[in-house]
Amino acid sequence: SNLGRAYLSKAFALMHIRNFSEAKAALNAADEILDSSESSSDRISLLQYRAQLAYLQGEHESAIELATSALALVDMSGSFGVEAAQVGRLLAEAHLSLGHDADARAFASAALCSAQKAGERVEVAACRRILATVAVHDGDTRMTDSEFTSIVSTLGDVGARYELAMSYQS
């Protein structure tokens, strides 16, 4: 329903201004409105946003569980574009935060493929940032300076300020 999607959009905005309690309330409202007959895309978004909220609150294990459920819905729906890239990248971020570099690399690589197929430049750059961070953790610094420069340039070009800030933290 349109109202359910409006609550999802509200939750997304609230998360990014770090108003977590209201974001959770908006997600709960969306969940009540969106029933199982709704599109799989709306259900995927709900799980993805719940995972994103958990991630932003430092609840990385919970983020992984929720994002794994979202990815299962993506797989069942056959939607391997932007949704697969976003959810896979979120899984990579959560694993990276927990020091699970191998899992972070695997999810970021898969998400990168989906993002490239979908032509989603922000997700491509975000996945490349994760892969470069894992490379640094592995002691491979040969290309990381130029890679980070390229990532920052791409994110700046498309105006993805949140992802740009994340890149500077890496």
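One finds the CG atom of L112 at 10.5 Å from the CD atom of E123 (value rounded to the nearest 0.5 Å). Distance check: L91 CG to H100 NE2 gives 12.5 Å after rounding to the nearest 0.5 Å. For the atom pair L96 CG and H60 NE2, the distance stands at 9.5 Å (nearest 0.5 Å). In this structure, CE on M76 lies 8.0 Å from OG on S40, to the nearest 0.5 angstrom. To the nearest 0.5 angstrom, L8 atom CG is 6.5 Å from L27 atom CG. Going from atom OG of S9 over to atom CG of N2 covers 10.0 Å, rounded to the nearest 0.5 Å.
When every heavy atom of F107 is checked against every heavy atom of L71, the shortest pair comes out as CE2-CD2, 4.0 Å. For the pair A94 and A63, the tightest heavy-atom approach, listed with the atom from each and the gap, is CB-CB, 4.3 Å. Closest approach of S62 to A54, counting heavy atoms only: OG-CB, 4.0 Å. When every heavy atom of L131 is checked against every heavy atom of S109, the shortest pair comes out as CD2-OG, 3.6 Å. Scanning all heavy atoms of the two residues, the minimum distance from A70 to V87 falls at CB-CG1, 4.0 Å. The minimum heavy-atom distance between M15 and Y49, with the atom names listed, is SD-O, 3.5 Å.
No chain of hydrophobic side-chain contacts below 4.5 Å, direct or via other Ile, Leu, Val, Met, Phe, Trp or Tyr residues, connects I130 to V82. Cluster membership for L56 and L14, using ILVMFWY side-chain heavy atoms within less than 4.5 angstrom, is not shared. L98 and V134 sit in two unconnected hydrophobic clusters of ILVMFWY residues. Membership requires side-chain heavy atoms under 4.5 Å apart, directly or through other members.
By the side-chain contact (heavy atoms from CB on, under 4.5 Å) test, L3 pairs with S1, Y7, I33, sequence neighbours left out. By the side-chain contact (heavy atoms from CB on, under 4.5 Å) test, N28 pairs with K24, R50, sequence neighbours left out.
Ion pairing between a basic and an acidic side chain is recognised when a charged N comes within 4.0 Å of a carboxylate O; R129 and E93 show such pairing.
Within the 3.5 Å criterion, the main-chain N or O of V74 finds a donor-acceptor partner in the side chain of S77. Looking at R5, its side chain never comes within 3.5 Å of a backbone N or O of A30 through a donor-acceptor pair.
Inter-residue side-chain proximity for R105 and D138 is flagged as met; some heavy-atom pair is nearer than 4.5 Å. Taking the side chain as every heavy atom from C-beta outward, E65 and T68 never approach each other to under 4.5 Å.
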